[in-house]
Amino acid sequence: MQTFSVPGDFGYRGAASVWEVDRVALNALIRKEFRDPDDVRSLGVAVVNTDAPDGSAGRLKARLEGLGYSNVWIVSEPRGPARTTASGGAAARVLRDVGFGTVTDTPGAAGADVTIRLGSDTPAP
């Protein structure tokens with residue numbers, strides 16, 4: 001069993017001392033700690049455009065969000081010749097939703113559970 005403190009700080013309602021909940025921090029805690037470990041849509045997914053057409057990272061981010069992924073962001077890295085790869089513990093499962101690419105053991109982006117690096121094999125829009 002795990003316990004968590006509701007994030008916030010003391011405040012006042014009239015003369016009464018109350019706990020003012022930090023709703024942004026509470027939502028972040030819930031997303032992080034109370035997710036289904038078998039549902040890849042709750043994982044942190046970083047998308048990098050390494051060698052794909054301009055705008056590909058944004059299109060993939062939107063596509064994944066449309067599939068229910070709730071924590072996808074774009075990361076900037078140096079561009080260069082590459083094929084599409086994904087790294088991280090659930091990379092193969094996320095690639096099923098991406099539809100192309102191969103799994104690699106390349107280190108991922110900071111804070112990401114899965115990092116997708118889009119390469120020259122990324123389909124055109």
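Count residues from 1 along the sequence.
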If hydrophobic residues (ILVMFWY) are linked whenever their side-chain heavy atoms come closer than 4.5 Å, directly or via other members, who joins V75 in its cluster?
V48, W73
In this structure, CG of L43 is separated from OG of S70 (nearest 0.5 Å) by 8.5 Å
Spell out, yes or no, whether L67 and V94 are grouped together once hydrophobic residues are joined by side-chain heavy atoms under 4.5 Å, including indirect joins.
yes
Roughly how far apart are R23 CZ and I30 CD1, rounded to 0.5 Å?
9.5 Å
Any idea which heavy atoms bring L95 and F100 closest together, and the distance?
CD2-O, 3.2 Å
Least distance between heavy atoms, A46 atom then A112 atom:
CB-CB, 3.7 Å
Side chain to side chain contact (heavy atoms under 4.5 Å, CB included) test vs T122 passes for just one of D51, T50, V98, T84, namely T84
Taken in chain and number order and not counting sequence neighbours, the residues that satisfy ring pair (Phe, Tyr, Trp, His ring centres under 6.0 Å) with F4 are F34
For the residue pair S56 / N49, report whether a side-chain donor-acceptor contact shorter than 3.5 Å exists.
no
Inter-residue atom distance L26.CG - S5.OG, 0.5 Å rounding:
11.5 Å
Reported CZ-to-CG distance for the pair R59 and L118, which is rounded to 0.5 angstrom:
9.5 Å
Strictly distance-based, threshold 3.5 Å: is any side-chain N or O of R63 a donor or acceptor partner for the main-chain N or O of D97?
yes
Apply side chain to side chain contact (heavy atoms under 4.5 Å, CB included) to residues T106 and R117 and explain how you reach the verdict.
CA-CA 10 Å; T106 303; R117 291 182 172 91; 3.8 Å; yes
Taking the side chain as every heavy atom from C-beta outward, state whether V40 and Y69 have any atom pair closer than 4.5 Å.
yes
Atom of V72, atom of K61 and distance for their closest heavy-atom approach:
O-CE, 3.2 Å
Test item: N71 side-chain N/O and S42 main-chain N/O as donor-acceptor pair under 3.5 Å
no
Which residues, ordered by chain and number, are linked to Y12 in its hydrophobic cluster, where ILVMFWY side chains connect at heavy-atom gaps below 4.5 Å, directly or through other members?
none
In short, G108 meets S87 closest at the heavy-atom pair CA-OG, 3.8 Å
